[in-house]
Amino acid sequence: MRHFPSIRHAVLLVSALAAQGMAGAQSFAPAYFNQFQSSTALDMITRLPGFVFEGGNTGRGTPGNVLINGKRPTSKTDPLGDVLGRIPVAAVERIDVINGGASGIDMQGYPTVANVVLKPMDLVSASTTASSYVTADGSLQPTLDSNYNLKRGDKSINISAGWRRSPDTGQGEGQRITKYADGGPDAQTQLSGSGISENKSVKMNYGQDLFDGQLTLNGAFNPWTYQSQIHNDGASVGLNSNDNAGRTMEQGIAYTRDLAGGASMDLKATHRSAEVSNDSAFASGGSTSHSLSSTSANEHVLAGQLTWQTSDGVVIRGGIERAVNTNDNNNAYQPNAQSAAAPGIYAWAQESRVEGQLSSAWQVDSSLSAEAGLKLAHSSLSTSSAQADGKSYLYPKPRLRLALSPSPALQLRLRMEREVSQLNFGDNAGFFGMADKTLRADLPDVVPAKTWLCEGAVEYRFWDRGAAVLSYTQSHISDVVDRMPIRTASATYDTAGNIGDASADSVTGMLNLPTDSLALPQGLLKLSTTWRSSSVTDPTTLTTRRLSGEQALAWRVEFSQDLPQQKAAWGFSVDNGWNNDSWQVAERDTSSGSSWARAFVNYRPASNMMLTLELNNLASRVITYDRMHYAGNDRLAGGPDFYEHNSTRTQPFAMLRLRRDW
C-alpha cells in the first residue's frame, strides 16, 4: 500500500504535463528555481527538467544548445558555460525549453534548445570567485575570477577578468616497460611527472540599440603558459621538459534587427588569432636536445542571415558565411647545445570557405514540426605562400528533421543529414610538408571527410524532472582521413591521407530519474551510456578495423540532491574513463584511462555567497599508453619488434571555491 501515493503522484504529474503541453515550448519562471538555490543562469539551465546542457565547441565554431534572448553569443572563444555563469538570476525573466523549432528558433541541429530571456530592466551586478586546487602533497594553486555587469536603458556592458593556476592532473608516478621480440632483456624505466599551467583572461561585451536594432561588440585577450617535467629513471637518467606559451585574441561585432512583415536580419563579423611557442627538451648523460616549434593561426568570419516567419507558422531562413582560416607552423630540432638547429620544417595552409544556406521550418501543429534545408559549401585550400590558387571543392549539405509528439510526454525525432568535416591543418601540414615532394606526386590531395547520417530518437518525460531518451545513429563516411603508407623500393613513409569509406553505428541512452519517492527528496539520478561500432579498411594491412580514436562503450552515473533547509546541495559522479586505438603505418597505439569519480558539497552561508568543496579523481585514475611497433616500420611487412607499456597513476585532488555576489 505504500506505493499507491507514488503511483497517484505520477498520474497527477502526467495529467498536469498533458494540460500544459510539452511540444513546442515550455516556460520556467525564476520562482521554479528557488528550490535549487540557483545564483546564475547556468545553475538554472542545469536544473531544467529533462534538459542536458551542451556547451558546443568554440574552437570549431559549433554552437551550444542554449540561447540568450533568442540569439547565440557573438564570441567564439568564450565558452557558453562561462557566459551563462556571468548572468545573475535577478536578470532572468524566464527560460523557455523549445522542442522542434517552435517560435522560429534556429535549432542548429539540436532537438531541444533552451532560451534564456532577460528582463528589460536596469541592473548592476558583480561577482568574485576565489578558489584553489589542493593537491595530494598539500600544495595550493589559487584562482581568482571577477565579473561586472551594468545595464542602463538600451546599453549594457559586461567585463570579466581572471587569473588561474592549475596542476596537470594527468601527471603522476608510473613506469615504462619495453619488451623486445628478439628475446632481449626487458627495459624498465620509472616515471615521475608534474605540470602546471597559468592562464590570464580579460573579456568585454558591450551592447546598445542602434537604428532600431541591437549592436553587440565583444573582445577577449588570453595569454597562457604551461610547463611540465617528466623524470626517467632507467638504465640512464633522463629529464623531459616542456615550456609552452601562447595567447589568443578575439574581436567581434554583431547587429540584429527586426524588419517589416515578420522578417529579421542578423549580421556578424569575427576575427580570432592565436600564437603558440613550444620548447621541448630532453636531457641525459650531460647532453640536452631541443625540439622547437611555433604556430600562428588566424580566422576571419563574415556572416549574414535573413529570417522570415509567416503567420501560419512557417519559418524561412537564408544566409551566407565566408571564413578564411590561416595556419603557419615552424618546427626545428637542435641535437645539443653546441650545434645549431637543424633546418626546420615549415608548413603554411589556408582554407577559404564560403557557405550559403536556405532552410524552412514548419510548426505544423502542437505535435508536429519539420525542417528541411540545404547548405552549399565552397572550400579552397592553399598550401604554400607561392601557390596562387588552391584546390577548390563544392559540397552540398542537405538536411531533414522531423519531430512528432503523439502524446504530451512522448516525442519521436528523425534526422537525415550530410555533414562535411573541417580540414585539419595538422593533417595537411604533414601531407604537403613532406621533404620529398615526388613521394606524393601521384596521390590526390587531402579532402574533408563526408558523412551521410540517419538518426532516430525517442524521448519520454515523466514526474516533472524525469526523462528517458534512446537514440540510434547510422553513418556512412566517405574519404576518411587517417594515416596511410607511401611505399618505395627502399623505404615506407607515414603520411595523412584519405583512406576510403567507412560505416559507423551508435546507440545512446539517457535516463533522468527523480528520487523524491525513494526517500531522497529533490534528488536526481542521471544515467547515460553510448555504444559505438565502426568498420573501415586499414590502408596499411588492407584488413578491416575500427575507426581510429573510437571508444566502444562510454557510461556515466551522476546523482545530486538539493537540501534547501540546510542551505546545501551535494552529489557525485562516476564514469568509465576512456579506451581507444589509433593506427599508424609502423605501429598500433592504445590509450586508456580508468574511471573518474567526483563528489561535491555546496553550502550557502548567505543568500549572496556560495561555498563549494569538490573532491576529484577519488579512484586515482590510471592512464596507460601501449605502443606496438612493427619491424621495417611497416605493419604489413613484418611482425612486432617491440612492445612498450606506459602506465601512470594520477593523484586525487580537491577544489575549494567561494563565490560572492554583489
Side-chain angles (χ1 to χ4, degrees), residues 22-25 50-57 60-67 72 97-115 313-317 319 355 357-377 395-407 409-422 448-461 467-478 502-510 528-534 547 550 554:
M22 296 190 64
F51 183 79
V52 179
F53 171 68
E54 294 187 39
N57 186 327
R60 288 289 188 184
T62 306
N65 61 351
V66 177
L67 312 177
R72 286 175 169 82
V97 178
I98 301 164
N99 294 296
S103 305
I105 294 295
D106 187 358
M107 304 296 286
Q108 289 285 337
Y110 291 104
T112 303
V113 300
N115 182 30
V314 177
V315 179
I316 299 175
R317 293 186 182 86
E355 184 173 87
Q357 65 158 323
L358 181 64
S359 66
S360 177
W362 184 21
Q363 189 69 42
V364 182
D365 54 35
S366 61
S367 64
L368 177 63
S369 64
E371 180 187 359
L374 175 66
K375 292 183 178 180
L376 288 174
Y395 300 114
K397 298 190 290 184
R399 69 179 185 274
L400 173 66
R401 301 187 182 102
L402 299 173
L404 173 66
S405 297
S407 70
L410 180 66
Q411 185 179 77
L412 307 176
R413 297 189 291 268
L414 175 66
R415 177 169 70 108
M416 292 179 287
E417 188 167 0
R418 189 191 195 212
E419 297 179 342
V420 179
S421 67
Q422 187 170 335
K450 278 76 69 178
T451 302
W452 281 102
L453 62 85
C454 181
E455 179 182 78
V458 56
E459 178 176 348
Y460 180 71
R461 300 187 184 185
V469 181
L470 181 65
S471 66
Y472 168 69
T473 304
Q474 186 178 68
S475 302
H476 296 278
I477 312 169
S478 59
S503 62
D505 299 271
S506 67
V507 178
T508 298
M510 185 272 289
S528 61
T529 184
T530 300
W531 170 86
R532 301 179 183 89
S533 177
S534 64
L547 289 169
E550 181 181 71

Student: Could you tell me whether a side-chain N or O of N65 sits under 3.5 Å from a main-chain N or O of E54, the two making a donor and an acceptor?
Tutor: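 It does hold such a pair.
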Student: Checking side-chain contact (heavy atoms from CB on, under 4.5 Å) for the pair C454/L414: CA distance, chi angles, key distance, verdict?
Tutor: CA-CA 8 Å; C454 181; L414 175 66; 4.1 Å; yes
Student: Starting at OH of Y472, measure out to OG of S506 and round the result to the nearest 0.5 Å.
Tutor: 8.0 Å
Student: Looking at CE of M510 and OG1 of T529, how far apart are the two atoms once the value is rounded to the nearest 0.5 Å?
Tutor: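 Here the interatomic distance stands at 12.5 Å.
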Student: Atom OG of S367 and atom CG of L410: how far apart are they, to the nearest 0.5 Å?
Tutor: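 The OG atom of S367 sits 11.0 Å away from the CG atom of L410.
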Student: Assess, by modelled atom type and distance only, whether the side chains of T508 and T530 contain a donor and an acceptor separated by less than 3.5 Å.
Tutor: yes
Student: Quick one: closest heavy-atom pair of A361 and R317, and the distance?
Tutor: CB-NH1, 4.4 Å
Student: Which heavy atom in H476 sits nearest to a heavy atom in S503, and how many Å separate them?
Tutor: ND1-CB, 4.4 Å
Student: Just how far is it from atom CG of L404 to atom OG of S369, taken to the nearest 0.5 Å?
Tutor: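 Here the interatomic distance stands at 9.0 Å.
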Student: If you apply the rule side-chain contact (heavy atoms from CB on, under 4.5 Å), what do you find for R415 with L453, and how did you get there?
Tutor: CA-CA 8 Å; R415 177 169 70 108; L453 62 85; 3.6 Å; yes
Student: Closest approach of G509 and L470, non-hydrogen atoms and distance?
Tutor: CA-CD1, 4.3 Å
Student: Closer than 3.5 angstrom, by distance alone: can the side chain of K450 be matched with the main-chain N or O of P448 as a donor-acceptor pair?
Tutor: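 Such a contact is found between K450 side chain and P448 backbone.
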Student: Of R401, K397, R399, which is the lone residue that meets side-chain hydrogen bond (donor to acceptor under 3.5 Å, both in side chains) with E417?
Tutor: R401
Student: What heavy-atom pair brings F53 and G55 nearest, and what distance separates the two atoms?
Tutor: CZ-CA, 3.8 Å
Student: If we only count heavy atoms from C-beta on, is the W362 to I316 side-chain gap below 4.5 Å?
Tutor: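 No, their side chains stay 4.5 Å or more apart.
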Student: Under 3.5 Å, side chain of S421 to main-chain N/O of A449, donor-acceptor pair present?
Tutor: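 Yes; judged by distance alone, with no hydrogens or angles, the pair exists.
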Student: Using only atom types and a distance under 3.5 Å, with no angle test, would you say the side chain of S359 pairs donor to acceptor with the backbone of A372?
Tutor: no
Student: Just do the side-chain contact (heavy atoms from CB on, under 4.5 Å) check on T112 and V97 with the steps written out, would you?
Tutor: CA-CA 7 Å; T112 303; V97 178; 3.6 Å; yes
Student: Using the test side chain to side chain donor-acceptor pair (under 3.5 Å), find all partners of E459 that sit at least two apart in sequence or belong to another chain.
Tutor: R413, R461
Student: side-chain contact (heavy atoms from CB on, under 4.5 Å) for E355 and V420? Distances and angles first, verdict last.
Tutor: CA-CA 12 Å; E355 184 173 87; V420 179; over 6 Å; no
Student: For T473, which residues count as a side chain to side chain donor-acceptor pair (under 3.5 Å) partner, sequence neighbours excluded?
Tutor: E455
Student: In Å and rounded to the nearest 0.5 Å, what is the CH2 to CE distance from W452 to M416?
Tutor: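 It comes to 9.5 Å.
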Student: Closest heavy-atom contact between S360 and V314?
Tutor: OG-CG1, 3.6 Å
Student: About how many Å separate CD of Q474 and OG of S533, when rounded to the nearest 0.5 Å?
Tutor: 11.0 Å
Student: Is there a donor-acceptor pair under 3.5 Å between the side chain of S534 and the backbone N or O of L547?
Tutor: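 Side chain of S534 to backbone of L547: a pair is present.
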